[in-house]
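Please read all numbers here as calculations on a predicted model, not as lab measurements.
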Amino acid sequence: MSDRASRLALGAVLMLALFAWGSRQYVVPDPWNPYYHAVRDYLAAGLRNDSAALRRDAAASQPAVWVRDAARREPTRLASWFRDLSGVAGERHGDTVAVVLSADENLAWQRRPGEAAPAGCVGSNSVAALLINHSLTPRLLALSSPCLDPSPLQVLRNRSALLP
């Protein structure tokens with residue numbers, strides 16, 4: 001009887017495992033994830049002042065200049081972006097990819113008491129990036145944020161991608 005009970009228990013466990021495997025929802029991976037990760041990794045390299053990574057991971061000089069300036073002017077914001085940014089939207093334009101990453105303003109960089117938020121930053125704590133879609137490692141062409149730049153990049157042609 002013990003042998004039969006163990007076979008029944010094993011059969012029940014196998015049936016539950018098969019049911020769980022068969023009933024899981026199919027999830028399509030976000031095609032923009034490699035680009036979101038490339039931007040966050042680049043921000044991290046800027047925080048570490050890793051010149052080699054900044055040169056290696058960019059296809060133009062603007063991203064390194066931008067991230068170094070952000071690290072000098074707003075290190076707390078840059079650290080918060082590295083930690084809190086998540087992908088919002090992306091578009092492909094030939095061999096170039098445009099992505100927008102955003103952070104919840106409640107999680108993102110906090111102003112000092114009495115300090116006003118930079119114009120264009122409230123409610124749109126985001127970073128836009130242009131990357132070259134080159135093999136397995138996308139390289140940055142440009143970075144921008146309405147929180148730091150007076151004229152941020154307008155990277156997405158399809159503006160409806162940002163609407164809720």
Just how far is it from atom [atom1] of [X] to atom [atom2] of [Y], taken to the nearest 0.5 Å?
| X | Y | atom1 | atom2 | result |
| --- | --- | --- | --- | --- |
| D41 | T137 | CG | OG1 | 11.0 Å |
| L43 | L143 | CG | CG | 6.5 Å |
| S126 | L101 | OG | CG | 8.5 Å |
| Y35 | L140 | OH | CG | 11.5 Å |
| T96 | I132 | OG1 | CD1 | 6.0 Å |
| L141 | Q62 | CG | CD | 9.0 Å |

*Test side chain to side chain contact (heavy atoms under 4.5 Å, CB included) on R139 and D57 and set out the steps.*
CA-CA 5 Å; R139 296 177 60 210; D57 296 338; 5.6 Å; no
*With R48 via salt bridge (Lys or Arg N to Asp or Glu O under 4.0 Å) - residues at least two apart*: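 D50.
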*asked:* Going by the rule salt bridge (Lys or Arg N to Asp or Glu O under 4.0 Å), which residues pair with R72 if we only count those two or more places apart in sequence or in a different chain?
replied: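 Listed in chain order: D69.
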What are the two closest non-hydrogen atoms of [X] and [Y], and how far apart are they?
| X | Y | value |
| --- | --- | --- |
| Y36 | A89 | OH-N, 3.3 Å |
| L54 | A45 | CD2-CB, 3.8 Å |
| P34 | P138 | O-CG, 4.1 Å |
| Y42 | A58 | OH-CB, 3.6 Å |
| P63 | A142 | CG-N, 3.7 Å |
| A44 | F82 | CB-CE1, 3.5 Å |

*Under the side chain to side chain contact (heavy atoms under 4.5 Å, CB included) rule, what do W32 and R92 come out as? Steps first, then yes or no, please.*
CA-CA 9 Å; W32 311 116; R92 188 174 309 276; 4.2 Å; yes
_Backbone N/O of L148 and side chain of R73: donor-acceptor pair under 3.5 Å_ =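 Yes: the side chain of R73 pairs with the backbone of L148.
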_Beyond-backbone contact of V99 with L130, side-chain heavy atoms, under 4.5 angstrom_ =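 In short, these two side chains do not touch, never coming nearer than 4.5 Å.
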_Within the structure provided, determine whether S6 and D3 are in side-chain contact (heavy-atom separation under 4.5 Å)._
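They are in contact (side-chain heavy atoms under 4.5 Å apart), so the answer is yes.
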*Hydrophobic cluster of L14, others only, ordered by chain and residue number, side-chain cut-off 4.5 Å*: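 Its cluster mates, by chain and number, are L10.
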*asked:* What I want to check is whether the side chains of S51 and R56 have a donor and an acceptor closer together than 3.5 Å.
replied: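 The answer is no; no qualifying pair exists.
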